[in-house]
Amino acid sequence: MSLSELDHTNKRVLMFGGKGGVGKTTCSATTALHYASAGRKTLIISSDLTPSLSDIFEMEVGATEKPVKGVENLYALEISPDEVMKRWKEKFGPEVYEAASSLIDMDYDEIIDYVAIAPGIQEEFMLDYILERVKDGRYDLIVWDTAPAGDTLRLLDLPYKFLKHLRMAPKFYFEVRDTFKLKKAPFLDLIDSWKALAQEVTDFVRNPNNTEFILVTIPEALGVYQARRLVGEFERYGLDIHYLIINNVIKNPDCDFHRARKEMQTPYINLLADEYGQTMEIITLPLFAHEVKGVDRLRELRKVLFG
Ligand SMILES: Nc1ncnc2c1ncn2[C@@H]1O[C@H](COP(=O)(O)OP(=O)(O)OP(=O)(O)O)[C@@H](O)[C@H]1O
Ligand SMILES: [Mg+2]
């Protein structure tokens, strides 16, 4: 089994998720390299707290899109939550201030800082950023190396939390308006335009023609629990996961240590196969003696991941 099934689809965004340290960045980078090498203009984005693309591509990636050395068609971007917040403020700050300042007598920074901590704002911005790049055709494909599991779930919570937040806002607005006997209602226009934006981005993510989510896990108890949790969360939102990568698998043990490890892993691999074999493409990746770092190693891994 391999990820090459994806070759026959025309997905625009591939998201990799799973618990910390299981190989999300490794698999994202390999996939991005695969499609870039196949001629699709590809952007890999990491929105993690700790920069990791710089390590794996052995170059300074950073917060602006840069070509990856030695791989045609491949661009990379590492964007931290702080940077996301900064750009959100740049993009939406003036609009928010204009709307809100007619209601409350607060400084620009105070208002913007307050609104910027609303639930889902960060994820909203990331999705908006990605969508912008997909829609204007700047890239054929975006590979998104998401932060460890919790954040992916938060992303799915976004429409609910965000719309709930928005529903509260008019109430607050009307109270303020009545208290201060104001006439203008710019805040409601702003809320409407946000609602439309939130709807657009979540529709895009939920549309299986556009987006695929690939779950990465390891054959250990924690890996299995985490996979179950994620699959369950996705189900709750009416989303299916079609690809499961089981990483760090011992294939041919030649010493007692590795035989014991393989024995530990096998029941978990079987469990995952029982539970998801019918509905998902399951790909097992061997544990390598070396870390996966540098374009040459990624090319080796590409052969394993894509057959
Ligand atoms: N199959 C493998 N064999 C050997 N080493 C591996 C394998 N897969 C990943 N690694 C190594 O394991 C480490 C963690 O992998 P990676 O950074 O891809 O995980 P991650 O899920 O992105 O972690 P984080 O949650 O911290 O972002 C890296 O040093 C990587 O080189
Ligand atoms: Mg990572």
Side-chain angles (χ1 to χ4, degrees), residues 1-3 14-34 43-63 68 74 76-84 122-123 126 130 142-155 213-220 222-227 229-230 241 243-255 257-258 261-262 264-266 268-269 272 282-307:
M1 292 291 185
S2 78
L3 270 189
L14 303 177
M15 288 166 66
F16 285 80
K19 83 179 188 78
V22 294
K24 295 178 297 296
T25 303
T26 305
C27 293
S28 308
T30 307
T31 303
L33 175 103
H34 171 71
L43 172 68
I44 179 166
I45 298 182
S46 165
S47 55
D48 212 342
L49 259 176
T50 44
S52 43
L53 296 180
S54 296
D55 262 354
I56 206 158
F57 290 120
E58 299 179 314
M59 60 177 273
E60 199 50 54
V61 174
V68 171
L74 184 56
L77 169 75
E78 272 171 351
I79 189 161
S80 68
D82 280 351
E83 184 66 24
V84 169
Q122 290 254 335
E123 291 81 357
M126 276 311 294
I130 288 172
I142 292 184
V143 176
W144 186 6
D145 173 21
T146 70
D151 294 5
T152 316
L153 303 184
R154 228 177 44 183
L155 175 85
F213 182 87
I214 297 132
L215 176 57
V216 187
T217 193
I218 49 171
E220 289 175 21
L222 264 181
V224 174
Y225 300 149
Q226 189 81 33
R229 223 188 87 207
L230 259 158
I241 298 176
Y243 296 90
L244 171 66
I245 297 176
I246 309 176
N247 191 15
N248 293 351
V249 174
I250 308 281
K251 297 262 169 154
N252 303 306
D254 56 2
C255 65
F257 177 82
H258 282 118
R261 256 198 110 69
K262 184 176 175 172
M264 175 279 288
Q265 292 184 342
T266 305
Y268 296 116
I269 296 173
L272 288 167
I282 299 181
I283 300 115
T284 53
L285 267 192
L287 175 72
F288 297 104
H290 51 75
E291 61 183 335
V292 186
K293 200 166 175 297
V295 168
D296 290 339
R297 289 265 194 244
L298 289 176
R299 288 210 170 94
E300 281 172 32
L301 194 60
R302 179 188 174 201
K303 288 184 204 142
V304 185
L305 209 48
F306 286 88

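Since the model is a prediction, treat every value here as computed from it, not as a measurement. Every number for a ligand or one of its atoms is a count from 1 in the order of the listing.
Residue contacts with ligand 1, taken as heavy atom pairs separated by less than 4.0 Å, involve Pro286 solely via the backbone atoms N, CA, C and O. Proximity of His290 to ligand 1, defined as any heavy-atom pair under 4.0 Å, is confined to the backbone N, CA, C and O atoms. Contacts of Asn247 with ligand 1, taken as heavy-atom pairs under 4.0 Å, involve the side chain alone.
Taking distance alone, with nitrogen or oxygen atoms compared against 3.5 Å, Cys27 stays at or beyond that limit from ligand 1. The shortest N or O to N or O distance between Val22 and ligand 1 is under 3.5 Å.
Residue-ligand proximity, Glu291 to ligand 1, at heavy-atom distances under 4.0 Å covers atoms 31 (O). For ligand 1, the atoms lying closer than 4.0 Å to a non-hydrogen atom of Thr25 are 17 (O), 18 (O), 20 (P), 22 (O), 27 (O). Set against the non-hydrogen atoms of Gly20, the atoms of ligand 1 under 4.0 Å away are 25 (O). The Thr26 neighbourhood of ligand 1 comprises atoms 9 (C), 15 (O), 16 (P), 18 (O), 30 (C), with distances under 4.0 Å to a heavy atom of that residue.
Taking CG of Leu215 as the reference point, atom CD1 of Ile241 lies at 5.0 Å (rounded to 0.5 Å). Distance check, rounded to the nearest 0.5 Å: CG of Leu305 to CG of Leu3 gives 4.0 Å.
Heavy-atom contacts from other residues, nucleotides or ligands closer than 6.0 Å to CZ of Arg302 number more than 12. Counting heavy atoms of neighbouring residues, nucleotides and ligands inside a 6.0 Å radius, atom NZ of Lys303 does not exceed 12 of them. Counting heavy-atom neighbours within 6.0 Å of Phe288 CZ, excluding the residue itself, gives a total above 12.
The closest approach between Leu285 and ligand 1 stays at or above 4.0 Å for every heavy atom of the residue. Heavy atoms of Gly21 approach ligand 1 to within less than 4.0 angstrom.
Residue Ser52: no N/O/S atom is found under 2.8 Å from the Mg ion (ligand 2).
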Phe306 and Thr31: CA distance, side-chain angles, deciding distance, side-chain contact (heavy atoms from CB on, under 4.5 Å) verdict = CA-CA 8 Å; Phe306 286 88; Thr31 303; 3.8 Å; yes

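Checking Leu53, Ile79, Ile45 one by one against Val61, the side chain to side chain contact (heavy atoms under 4.5 Å, CB included) holds for a single residue, Leu53.
Checking side-chain atoms of Thr217 against main-chain N and O of Gly223 turns up a donor-acceptor pair under 3.5 Å.
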